[in-house]
Every structure is written in structure tokens, then in C-alpha cells.
Amino acid sequence: MTTTPELLSLHSVGDLVEIVPSLLGFQPVESLVLVVLERDRVEVTVRFDLAAADQAPRWQLVPVFARFPTATYVVVAYTPEARAGWEALLTMDAAFPELPRTLVLADGERCYLFPGDEGEPYDAVAGRAAVQGALAGMAVLGSREELHAQLDPTWSEEALAAALDAVGAAIANGVDMVARGRELLARFDTEGGSPTLEEAVVLTMASHAPGFLDEAILSTTRANAAARRDLWAAVVRGSAPRCDGFALAALGIAAWVTGQGALQVVCLERMTNIRADPLWMGVLDQANAEAWPPSEWPAVRQRVRSAVARAPEARQGWQRVDLLAQVVGDGTGAVPMATVTRLATPRAGRRRPRAAGRR
């Protein structure tokens, strides 16, 4: 999910084509990107692989259309292959209800509104809008794979073993990991910086403790979300293999609140086949599926806080799914079946996102 910072101004189709990589966080190579514009703001971006355009079921876009019925939609195909780009655009166009939309082909040098159009030049790296995004701190990676790679471990086996031994010794000496985790959150909120590997291990362990994850995520605000995003990313990189599921939930929420939908989806993908919290995984999944903008976070946070307060004993497993029903259910006490299926069924490999905003 993506919103444009107030200081950015877009004046042409070329500007929009240039800013999309900043919104996604990476260059959308061979991609189809849906941009939702309302009240002169980019509200949501949704990315698909260009080759999978004909496999993107209409129901994936229905929540977006329902949430933004008065918006203007722009669909951009990023590919140097004109024929493949226009075919994908027409396939996506067929999924639209009667809503205003514009189809754009961006071939790396010029963008076109229809086949045979002479096109408008753009520069995805040094163009006016791209530079505005860079000055606003909107980093752009070379590819989506690089976004995944940013969460890969940065430690050696020896360094991790030493950090685990140090934390184990601290626990043996009576150090409370949850209390220590709270201290670290407060410190990094105030001082910023990156945790040491030992501190990352402490936060990883604390995130598995009943109640700590809720406390950490529910204390995320628009004011501290960027710092929390950077902190939890460092924790994920410093986690032992397959032990980062809870930290990924905290990172995913912080990424959503800061408008980094692409990172949010990467977190969901990485959570699929490891132990993760059903409540927060479900919240992230619904935020992704239903195109919740970051501005929804205060309301979502309040719903989660109320659900947790009503059932403080619901600490794990399907108890957490019951809480999820109170947060994202359909009003009948049921969690959407698609979400239940994803929570209950492990999948091999990384799950393809249904939507990706800055995604």
C-alpha cells in the first residue's frame, strides 16, 4: 500500500511512471502495476508479474475497486516488449468494472498511452519525479529479489553461536528477556541506531514470549514506525534460521504503517513456512488483500487491542485465529476463508503476493 508524501508533485504520465519505483521500493522489471489515484494522491499500488497478468483473478482487485469507487486508475506495463506489454494491459483492462482508467506502456525510455503513440520520455533514475522520490528518502532497489535479500542473515555461524551463548548465560543468571526486550524497544525508539547481534537475539527471543509481540506491535505509531521498521529488519537479519516469524510480523506492520507495501508482502511470504503468529499474519494478509491504506492502522490497532483485552488468555494457535475474526472478520465472527487457508496450509517456497505496493 502506498501513499505519496505531501511534498511530491506529479504533473504528467511520465512523472507517474518515474515515481512508481519509489513507491514500490524497487524497479518493476517485466511488471504490471495498478496505481490508484484519489484526491490528487497515490493511494495504492498493486504489482503483478507481467507474465502472470492473465492469471490475476478479478476477485483480487474487487476489494481495491470497492474501497476506492471514485478513484482514477492507471495501469502501467513496464517492459521493453511492446506487444507483450499491450497484451497484458488489455488483459488487465478486461477485469475492470466501469471505472475511469488509463493504460500506459513504459519501455524504459518512453511511455505510451496507445499503440503507435509517439510517447513521452521519462527517466526512472534521474527524472524529475524520480529525483523527488530520492530526496524524500524513498530508496529504490534494483529488483524485488534485492528486497528479499535485505532480510537475509548477515551473521556467521560462529557469531550467532557466540550471541546465543551470551544470551543463554544471561537467562541462566536471571535476566528477564521480556523486560530486556522492552528496554531495547524504548532505547531504539529514542536513540535509533542498529542492534548488536546479541541484542537482535534478545528481541527475537522476546518476540516469542506470550504478550510481548502484541505489546511491541500495538505500541507502533506513525511517529516511531520508521525506527521500528529498521529495528525489526535488523532483528530479522540477526535471527537464527526459521526463528524470525514473530519479528517478521512486527516488521511487516511497521512496513505497512510507513507505506512500504512491498516489504510488507515480502514479510508475509517469508512467514508462510515458519512458525508465525496467526493473528498478526492474518492482519497483514487482510491489509494486503483489501488494500488498507496506512491511515487505517489506528483503527486496526484499536480493534486488536480490544480483542486482546477481551481474551487475554488467547496466546497461541487457533485461539489467535479467533481473535483475528474479531479484527478482520465479516461481522458473523468468521475469518475470511482465504485467510484461514493461508494460515493453516504450509506451502513450499515463497508465496506469490496477491498485491504489492511500495507493495
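Quantities reported herein were computed from a predicted structural model and do not represent experimental measurements.
With a 4.5 Å cut-off on side-chain heavy atoms, Phe26 and Ser143 do not count as touching. No side-chain heavy atom of Leu34 sits under 4.5 Å from any side-chain heavy atom of Thr45. In this structure, Val257 and Arg222 have side chains that are in contact, with non-hydrogen atoms separated by less than 4.5 Å. Proximity of Met177 to Val175: side-chain heavy atoms (C-beta onward) are separated by under 4.5 Å at one or more points. Residues Thr102 and Tyr73 form no side-chain contact, since every pair of their non-hydrogen atoms from C-beta on lies 4.5 Å or further apart. Using a 4.5 Å heavy-atom cutoff, the side chains of Leu218 and Glu215 are not in contact. Counting heavy atoms from C-beta outward, Pro21 and Leu24 have side chains that stay 4.5 Å or more apart. Side chains of Leu263 and Leu151 form a contact here, defined as non-hydrogen atoms less than 4.5 Å apart.
Few gaps surround CZ on Arg310; more than 12 heavy atoms of other groups in view lie less than 6.0 Å from it. Glu146 CD: more than 12 foreign heavy atoms inside a 6.0 Å radius.
The pair Arg301-Glu296 fails the salt-bridge criterion, with no side-chain N (NZ, NE, NH1 or NH2) lying under 4.0 Å from an Asp/Glu carboxylate O. Arg144 has a carboxylate O that lies under 4.0 Å from a charged side-chain N of Glu269, or vice versa, which qualifies the two as a salt bridge. Checked for salt-bridge contact, Arg237 and Asp152 miss the test: no charged N lies under 4.0 Å from a carboxylate O. Using a cut-off of 4.0 Å between Lys/Arg side-chain N and Asp/Glu carboxylate O, Asp49 and Arg47 are scored as salt-bridged. In summary, Glu87 and Arg83 engage in a salt bridge, as defined by a charged side-chain N under 4.0 Å from a carboxylate O.
For the side chain to side chain contact (heavy atoms under 4.5 Å, CB included) with Tyr78, the lone residue among Val17, Leu50, Val29, Val104 that qualifies is Val17.
Minimum heavy-atom separation, Ala240 to Trp155: CA-CZ2, 4.4 Å. Considering every non-hydrogen atom in both Glu18 and Ala130, the closest pair reads OE1-N, 3.6 Å. What you find for Leu324 and Val283 is that their closest heavy atoms are CD1-N, 3.7 Å. Considering all non-hydrogen atoms of both residues, Arg110 and Pro121 come closest at NH2-CD, 3.7 Å. Shown here for Thr258 and Ala226, the closest heavy-atom pair between the two residues is CG2-N, 3.5 Å.
If you take CG on Leu184 and CG on Leu203, they are separated by 5.0 Å, rounding to the nearest 0.5 Å.
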Task: Evaluation steps, side-chain hydrogen bond (donor to acceptor under 3.5 Å, both in side chains), between Asp15 and Tyr122 - done: CA-CA 7 Å; Asp15 284 351; Tyr122 75 94; over 6 Å; no
Open item on the list: Between Thr220 and Arg229, is the side-chain hydrogen bond (donor to acceptor under 3.5 Å, both in side chains) condition met? List the steps.
Closed with: CA-CA 9 Å; Thr220 301; Arg229 177 200 61 213; over 6 Å; no
Open item on the list: Go through it in stages, so that I can follow the logic: the residues are Glu38 and Thr70, the test is side-chain hydrogen bond (donor to acceptor under 3.5 Å, both in side chains), and I'd like the CA-CA distance, side-chain angles, deciding distance and then a yes or no.
Closed with: CA-CA 7 Å; Glu38 192 164 56; Thr70 62; 2.6 Å; yes
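In terms of modelled atom types and a separation under 3.5 Å, the side chain of His208 and the main chain of Cys243 share a donor-acceptor contact. A donor-acceptor contact shorter than 3.5 Å links the side chain of Arg228 to the backbone of Ala216. In terms of modelled atom types and a separation under 3.5 Å, the side chain of Asp285 and the main chain of Met281 share no donor-acceptor contact.
Val35 and Val140 are not part of a single hydrophobic cluster, where members link through side-chain heavy atoms under 4.5 Å apart.
Aromatic ring orientation, Phe96 versus Phe65: tilted (interplanar angle from 30° to 60°). Relative ring orientation between Trp256 and Trp292 is described as tilted, the plane-to-plane angle lying within the 30° to 60° band.
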